[in-house]
Novice: 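Structure below; questions to follow.
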There are 4 protein chains.
Amino acid sequence: MAAMMKAAVFVEKGRIVLEDKRIPDVGPNDALVRVTTTTICGTDIHILKGEYPVEKGLTIGHEPVGVIEKLGSAVTGFREGQRVIAGAITPSGWSHACLCGYCSQDGAGTKHGWKAIGGWKFGNTIDGCQAEYVLVPDAMANLAPIADGLTDEEVLMCPDIMSTGFAGAENGGIKIGDTVAIFAQGPIGLCATAGARLMGASRIIAVDGIPERLAMARKMGADEVVDIKASNDPVAAIMELTDGRGVDVAIEALGLQSTFESALRVIRPGGTLSSLGVYSTDLRIPLDAYAAGLGEKTIRTALCPGGKERMRRMMDVVRSGRVDMKSLVTHRFTLDQIEDAYELFGNQRDGVLKVAITT
Amino acid sequence: MAAMMKAAVFVEKGRIVLEDKRIPDVGPNDALVRVTTTTICGTDIHILKGEYPVEKGLTIGHEPVGVIEKLGSAVTGFREGQRVIAGAITPSGWSHACLCGYCSQDGAGTKHGWKAIGGWKFGNTIDGCQAEYVLVPDAMANLAPIADGLTDEEVLMCPDIMSTGFAGAENGGIKIGDTVAIFAQGPIGLCATAGARLMGASRIIAVDGIPERLAMARKMGADEVVDIKASNDPVAAIMELTDGRGVDVAIEALGLQSTFESALRVIRPGGTLSSLGVYSTDLRIPLDAYAAGLGEKTIRTALCPGGKERMRRMMDVVRSGRVDMKSLVTHRFTLDQIEDAYELFGNQRDGVLKVAITT
Amino acid sequence: MAAMMKAAVFVEKGRIVLEDKRIPDVGPNDALVRVTTTTICGTDIHILKGEYPVEKGLTIGHEPVGVIEKLGSAVTGFREGQRVIAGAITPSGWSHACLCGYCSQDGAGTKHGWKAIGGWKFGNTIDGCQAEYVLVPDAMANLAPIADGLTDEEVLMCPDIMSTGFAGAENGGIKIGDTVAIFAQGPIGLCATAGARLMGASRIIAVDGIPERLAMARKMGADEVVDIKASNDPVAAIMELTDGRGVDVAIEALGLQSTFESALRVIRPGGTLSSLGVYSTDLRIPLDAYAAGLGEKTIRTALCPGGKERMRRMMDVVRSGRVDMKSLVTHRFTLDQIEDAYELFGNQRDGVLKVAITT
Amino acid sequence: MAAMMKAAVFVEKGRIVLEDKRIPDVGPNDALVRVTTTTICGTDIHILKGEYPVEKGLTIGHEPVGVIEKLGSAVTGFREGQRVIAGAITPSGWSHACLCGYCSQDGAGTKHGWKAIGGWKFGNTIDGCQAEYVLVPDAMANLAPIADGLTDEEVLMCPDIMSTGFAGAENGGIKIGDTVAIFAQGPIGLCATAGARLMGASRIIAVDGIPERLAMARKMGADEVVDIKASNDPVAAIMELTDGRGVDVAIEALGLQSTFESALRVIRPGGTLSSLGVYSTDLRIPLDAYAAGLGEKTIRTALCPGGKERMRRMMDVVRSGRVDMKSLVTHRFTLDQIEDAYELFGNQRDGVLKVAITT
């Protein structure tokens, strides 16, 4: 008789429910991880609302912190009982996309080795980690040991939002002395702000409409903030702050036409729009903001980088004390209470930024 | 009494006329060049039609081949009588944009040193070269001597379309072994095709609807062609040619929503859309072609790189025999006949690709 | 009773001998490939001479072309009977080095995931492919199917010298219009010459002392050659050819202080020395050639890139007809005659460039 | 009768003397700047000792802070009375080197437009700024206005050591999460340490033998220090600190074989040695530290980036408060006392890091 576990399962639009499920079998390249802490992502709320389709019965969640319970027969270099995280993105390492450095577009199993968003598997195409146990595929590429002295909460942002937010800064190609604007200061935008600071931007302008988020933005590294409630024209506000020059890099961290367009408008010629948002409509590039296609503006998008080396780096940054990711955790629940956690987080009640779910 | 010259002048929408004009005075950092050969660009046709605004009375033209007639008092390193070209883009060298490597967005004279499309001066913000003489600003940054043995026609494409087309390939970041699609095979698209070949793409797919252009595309380096007259779904055609994988880089060389969108659709996740077109409408990014902003597709745009070093490189490529730019010149006129040349080129009659205008 | 095969084994310094060996067992992530064609590399001669240490009893050879005989239990996406190559370098895909894009320094199995030259396994740390069968590790990262229509000899250079030589050009960051010098025109230098041509260098200067190699260099893309027998000062010859400017990129393809130093001397300030050679002594950087450390010269080294994506790209280049790698095969032997092949190749007799060994 | 000024002049080996000199005439592209504060660089000491040759009678000094006294007739965009700095490197903007982005190798006036170290003019090939007035060449490329609120001392490090030190970090290509070692913590090494911190290194190891410098290194961003007086094997110390892995990037900031070699030894395969030192002997690359040329280690060198855009960025970093450059100024003199300042700084007495010289 197989052992059973609790898991938060997508039942149907509007319902993610804690259910009993079989603890999965461990294939030769897998690792079974006992989850000690996890969290809920904005993407999970899209799944809950039926805005992002996943199969019914799938376990949700892609931000695992835990302990290795069992290693596959072909897995070496790790030991059972070791504390680890795995990224939201779990690349195979061996697909054509991975071998080109595009681990998040991992097409393992496809004909050509490329698949848009294919690196995102947990809680999307395979069972996720809002459960007592999670099966980590391609374990040798994905298990990242947690250094002694780091708590679960300290590394809880590494699998997704820290890696994603930092990728927004990295994709912007931020250089020492750059001026950078970040549109929206939810958890990912806050991490992008921290990332811009880490990369040497000398002037960081954070945009949002919620005072607590703007205050947190300053803590994460913003030099100036634009409150879109106070200024309903953030583009004009940023152009004024920069004395008409514009910014070198703008990071979009919300996923709306309005923020995308504002980001495009505030970058100087030759600047970069680094997009992090998950969009739900077509996007429009206004002719004037684009200099008719002659302004040498670059538009890039990121999907959370994953894999054990990325996770190692994120945890090293945490350990360095350069950024304080722990302070993004505003609420705590047990796995048994996860439906309450969804209710709070999904409705953005009570000033929530991120929740911690412990088992 | 000042010496006079003939010059093709924008009089009003629909009229570019050969007129008498004063030969300009030469400032300390200028050079006066006697034009021996020039050409007409698609952009000039936009000016003629009133689609791109310039001041009435401006001399048109931005592709000069000629001989130095007179050097400014502060100009060293050149001699009168020397055969030279200057780029369509004539950077100052000293603006903030130039010092960042964005010479085409040269903001010399602006508060911050950045100006969208600011590097394009000839026939846009200062008198151009469809004239007997042209004044080259910042001459030490812009005069590029022609090597012995190269004819005017051999280097006539260097100032604009060769530099632009190659920038399309360069901006794509083409690597050895890449598969590349180029949308539209007018003069610039043909140069982009040649550029993709030069950079090591192993599979080059050229798209157009005119058989002569597709034939020329093969001569410039295309391995395969997609005739949009035969296949009214070039995206499907390219996906079939690539067995469903898509291309690493797509170059847009027309300036329409349809080609922009097709280019975006055919690139694999993580691929680059390198845009060369001058657009006249807002652009739309379809959500599905963009993987909701998570497919890591990059969109870049280029404006013709200029300056004497760029021109030196373009002429070196011509001299190497790697590409045959001369064959793009299909028709020849004298400056006296330039209105006829506009008529032919503007109406794309008689299989015209590029015209040579000699004085 | 286990099946047996023939294999060229390092017995001791001076002796590589064809012996009978067990056909290896196939682990879950392995593939057994029946070798149809292979070759001998200059590195194998170093092993033979005892200059590069390997364990006694090791099967030599790292350039396999063959047919999949048997797939490991966890390997998907391939089928037995498929024609494939594998690179000289067989990355795991999952080490820290691989996940950083440094597959050739693959430290799979080490504490930190980095190991200098660790990606080179065949005929170095595991049995190689001068045998009837070879076991390919991490098969999903390393098996590269051969397209229909390509012969064994056409793809025989892909696993090593083509990938290595091209990496010399790639590491140089060659741009359209660059001037490039390549020192030594053995098989790898010839491939570097071809790579420089593929990447858009407009002036390629090949250096060697053997007339046949200089002739072959012209066939592979060199515009000019410097015969070090005729000119015993290749630096002076190149500075004269470039009218005192020097080259943008120099590629070293021999592994001697003299070629390293000459390469450093001929690059302009800000230029790149891309080194491919395997050195056997310390190297000296002359103060004057280095502008006392202020000339912004970059020195890079490459080790053959491997993995199935790299192999796919190399074969795509072969298929495109852009380069003719087949013509580097000057002599042919069967596996039974491999000791004769070593004798010929090791002594560089009879104008040999590369040998093909068939089974 | 021409106006006269005081200037520190190189008379002969061992003697830099304050003399009366004519205030220079202002050419069309020049600006005359009245120097308010300047400093002495280690390079000036090399000049004093006759180790770096300059012409007798040359005014020394390349780090000017001052006020525009007079603008050349062709200079626009600035006004007399404006507070400015100029970089130690004063690029023309228009040479081939500049147009390729290598402003420090500016070959303005040479046949090909490249000259090793050619961008360094002040106190090297033209009169420098240890004087009451200095003539800034190519003023439109080089004058950088000081923002209100910044003092002379706050921006005094921008022209050279801050720009140089940061270039050491930039040339290293430091990424978020990198481990970096910096060899020597003199003023430039300290700035490299600050630069590594700015670029997101998560673990910074500073090496020196002077306790005060190690203490200052911690203030500038080092996480750990290696005291070469305590540990006479800094390579072993760093390998132990990194648990055998080595560092991603090592910065050399002294100019000795020993530091160069140690830097090469501590980088992991694929790592970068970013060299800042001015060497006075040939350099040796040990075979074992270089994996025989197969370890994919990159060696880069920097020369202080200059030009007004670079200066603007440096001053923006100062203004942001990210780094405290002012604290490097340990001693103050007037121009009349400059010979005393040379004596103190040249002998590294009294814990001197940098001196400020005011007029």
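What you are looking at is a predicted structure, and each value in this text was computed from that prediction instead of being measured. We name chains A, B, ... by the order of the sequence lines, and we start the count at 1 in each one.
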Novice: Taking side chain as everything from C-beta outward and backbone as N, CA, C, O, which of these in Asp316(D) sits under 4.5 Å from a heavy atom of chain A? Side chain, backbone, both or neither.
Specialist: both
Novice: Are the charged groups of Glu170(D) and Arg313(D) less than 4.0 angstrom apart, N to O?
Specialist: no
Novice: Taking Arg197(D), Arg312(D), Arg203(D), Lys175(D) one by one, which has the highest count of heavy-atom pairs under 4.5 Å against chain A?
Specialist: Arg197(D)
Novice: Using heavy-atom distances under 4.5 Å, tell me whether Ala169(A) contacts chain D through its side chain, its backbone, both, or neither.
Specialist: neither
Novice: How many angstroms lie between OG1 in Thr39(D) and CD in Glu63(D), if you round to the nearest 0.5 Å?
Specialist: 5.0 Å
Novice: Indicate whether the side chain of Asp106(D) and that of Ser95(D) have a donor and an acceptor atom separated by less than 3.5 Å.
Specialist: yes
Novice: Checking Thr193(D) against Gln185(D): is there a side-chain donor and acceptor pair closer than 3.5 Å?
Specialist: yes
